[in-house]
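In this chain, residues are counted from 1 in sequence order. Please read all numbers here as calculations on a predicted model, not as lab measurements.
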Amino acid sequence: MAFPDTFPDALAGGFHEQLTVADGVLVEGYAPRAAHPPTVVDTPLAGPPSVVPRPRPTRADARRAAKRRRTFAANPDTFRRFVPQALVVAFLAGGTTAFVANDKAVLLDVDGTPRTLHTFADDVTELLADEGVTVGAHDHISPAPGTGLDHGDEVTVRYGRPVDLTLDGHHRRVWTTADTVEGALREFGIRAEGAYLSASPSARIARTGLTLTVRTERTVTFMADGQERTLRTNAATVGEALAQAGITLHGQDTTSVDPASFPRDGRTVSVLRITDSREVREESIPYAVERSEDPELFRGVERVERAGRNGVRRVTYAVRTVNGVRQKPRRTGEELVHRPVSRVVRTGTRQRPASVAGADGLNWSALAACESGGRPGAVDPSGTYGGLYQFDTRTWQSLGGSGRPQDAPAAEQTYRAKKLYVQRGASPWPHCGRRLTG
């Protein structure tokens with residue numbers, strides 16, 4: 001069937017758009033007006049009669065219409081041939097085609113910039129793709145991607161912005177869709193009242209991000225000079241909060257925590273008043289003992305050749321007082337005043353005789369018990385006599401003894417008492433001598 005050559009002819013001919021089947025395939029074409037005219041509905045109101053409308057085209061019809069539009073853009077000749085036909089059909093159908101029926105008016109707001117557009121997209125994902133809006137994992141889309149679209153819907157896109165946030169000394173990277181510092185803090189749930197902000201609350205956050213330091217207001221208590229002071233502060237360090245509290249450190253004064261550390265909420269910090277002083281003391285250096293063997297002395301006998309003498313050193317100590325309490329002194333240096341002098345001792349190696357002829361059978365233990373109570377180191381009240389048998393020093397040394405009798409071993413004291421007995425009998429012990437034979 002030939003299409004009318006002119007627009008009036010088309011109107012006169014009464015063409016309309018319909019779907020026909022040719023050779024088993026569904027095709028679009030044009031056919032003469034139906035044999036029976038459209039049903040006219042009478043109405044008592046004034047005005048022209050109503051015509052029963054055709055069914056509303058489906059989404060599939062709209063997609064085919066969009067496909068035809070792209071085809072026309074690629075083939076201008078086809079478009080020129082089809083335009084007169086489309087105009088006729090549009091007029092005959094009263095402007096209700098699939099192309100028009102599925103065209104939706106949608107408000108698209110991208111990062112605060114709204115615009116109204118017409119689209120054939122079925123859902124939010126298709127709309128964003130058609131408009132070239134690329135979104136990422138940190139961006140917010142409302143309604144969610146994949147949600148179906150209807151005429152009059154609003155679609156909002158808010159881009160995510162990275163924020164390098166240092167909050168009360170802790171650093172982390174967070175994302176926000178807010179475009180101002182104030183909005184971001186609200187999104188993070190951070191209370192800005194009384195806080196220190198490195199950027200103004202009204203500062204804009206670019207899509208490239210922002211570095212932001214926030215120190216919230218905290219309660220810190222200082223114990224200083226016997227008094228307690230509590231304050232609210234957003235200071236960056238303990239030292240800064242200390243200055244805000246009106247407390248001054250002098251000299252070696254410090255705090256119980258590092259003054260450069262971050263003041264945590266609820267922390268109690270003690271101020272340490274420190275006084276340093278120096279002390280010098282003279283200390284004794286013990287002498288050493290040098291021993292040598294002497295074959296002329298009996299075994300167990302020692303003779304002091306030189307008395308020992310302790311040395312002296314001068315030692316310097318640093319003394320610290322914290323809040324009036326003296327700390328343990330710390331040694332910082334020393335100086336030698338006198339060197340110690342060693343004690344020189346000769347030790348006997350000569351074999352001691354087993355007995356003294358004429359005195360071995362006597363009761364020497366009884367004599368010792370009577371003279372000294374059996375104590376080898378006994379000394380009389382005057383200090384003249386000593387040992388088991390109460391020798392005086394002169395008699396002791398005449399018998400071959402060295403030093404004092406009370407310093408010699410008990411066996412040597414008995415041996416020399418036997419020698420004295422051989423020389424003088426029991427006379428050296430006028431009161432106890434009878435015990436030797438009694």
List the atom pairs, donor and acceptor, that lie under 3.5 Å between side-chain atoms in residues 431-438 and the rest of the protein, sequence neighbours left out.
from	atom 1	to	atom 2	distance (Å)
Arg434	NH1	His431	O	2.9

| Note: Arg161-Asp179 ion pair, threshold 4.0 Å (strictly below) | no
| remark: For Asn310 and Pro286 the tightest heavy-atom approach is OD1-CA, 3.3 Å
| Distance in Å, Arg309 CZ paired with Tyr287 OH, rounded so as to fall on 0.5 Å steps | 12.0 Å
| message | Quick check against the 3.5 Å criterion: does Gln413 have a side-chain atom that pairs as donor or acceptor with the backbone of Pro376? | response | yes
| message | Show, in sequence, the C-alpha distance, side-chain angles and deciding distance for Leu212 and Ile205, and conclude whether the side-chain contact (heavy atoms from CB on, under 4.5 Å) test is met. | response | CA-CA 10 Å; Leu212 180 63; Ile205 303 178; over 6 Å; no
| query | Side chain of Arg218, backbone of Pro263: donor and acceptor closer than 3.5 Å? | reply | yes
| task | Give a yes or no on whether Arg339 atom CZ has more than 12 heavy-atom contacts from other residues, nucleotides or ligands under 6.0 Å away. | result | no
| field | Under-4.0 Å salt bridge between Arg158 and Asp109 | value | yes
| query | Does Phe222 reach the side chain of Val238, with side-chain heavy atoms less than 4.5 Å apart? | reply | yes
| remark: Applying side chain to side chain donor-acceptor pair (under 3.5 Å) to Arg320 and not counting sequence neighbours gives Asp276
| task | Please round to the nearest 0.5 Å and tell me the distance separating atom CD of Glu412 and atom OG of Ser402. | result | 6.5 Å
| Using 4.0 Å as the upper bound for N to carboxylate O, is an ion pair formed by Asp153 and Lys104? | no
| said: Name the residue from Tyr385, Tyr415, Trp396 that meets the ring pair (Phe, Tyr, Trp, His ring centres under 6.0 Å) definition with Phe391. | reply: Trp396
| request: State the OG-CD distance between Ser372 and Gln406, to the nearest 0.5 angstrom. | output: 11.0 Å
| Side-chain (Asp168) to main-chain (Thr216) donor-acceptor, under 3.5 angstrom | yes
| How many angstroms lie between atom OG1 of Thr237 and atom CZ of Arg215, to the nearest 0.5 angstrom? | 8.5 Å
| request: Would you check if the side chain of Glu305 reaches a backbone N or O of Arg303 as a donor-acceptor pair within less than 3.5 Å? | output: no
| field | Chi angles and distances behind the side-chain contact (heavy atoms from CB on, under 4.5 Å) call for Arg404, Val379 | value | CA-CA 10 Å; Arg404 301 182 306 169; Val379 179; 5.7 Å; no
| request: For residues Ala417 and Trp429, report the shortest heavy-atom separation together with the two atoms involved. | output: O-CH2, 3.6 Å
| task | May I ask you to decide if Gly146's main-chain N or O and Thr125's side chain share a donor-acceptor pair within less than 3.5 Å? | result | yes
| Step by step, would you call Val304 with Val345 a side-chain contact (heavy atoms from CB on, under 4.5 Å)? | CA-CA 4 Å; Val304 178; Val345 178; 4.3 Å; yes
| task | For the pair Arg191 and Glu217, find out whether any cationic side-chain nitrogen is under 4.0 Å from an anionic carboxylate oxygen. | result | no
| message | Pairing donors with acceptors under 3.5 angstrom, does anything connect the side chains of Thr180 and Arg204? | response | no
| side chain to side chain donor-acceptor pair (under 3.5 Å) assessment of Thr321 paired with Arg326 | CA-CA 4 Å; Thr321 301; Arg326 179 185 171 93; 6.0 Å; no
| Measuring from Trp175:CH2 to Glu187:CD, what's the distance to the nearest 0.5 Å? | 12.5 Å
| field | Nearest heavy-atom neighbours spanning Thr233 and Ala235 | value | OG1-N, 2.9 Å
| task | For the pair Asn323 (side chain) and Leu272 (backbone), establish whether a donor and an acceptor sit closer than 3.5 Å, ignoring hydrogens and angles. | result | no
| request: Keeping the roles fixed (side chain from Asp130, backbone from Leu127), state whether a donor-acceptor pair exists under 3.5 Å. | output: no
| field | Exercise: do Thr221 and Glu228 side chains pair donor with acceptor under 3.5 Å | value | no
| said: Test side-chain contact (heavy atoms from CB on, under 4.5 Å) on Val271 and Asp225; report intermediate values, then the result. | reply: CA-CA 8 Å; Val271 175; Asp225 306 318; 5.7 Å; no
| remark: d(Arg313 CZ, Leu336 CG) to nearest 0.5 Å is 9.0 Å
| field | Least distance between heavy atoms, Asp139 atom then Thr134 atom | value | OD2-O, 4.4 Å
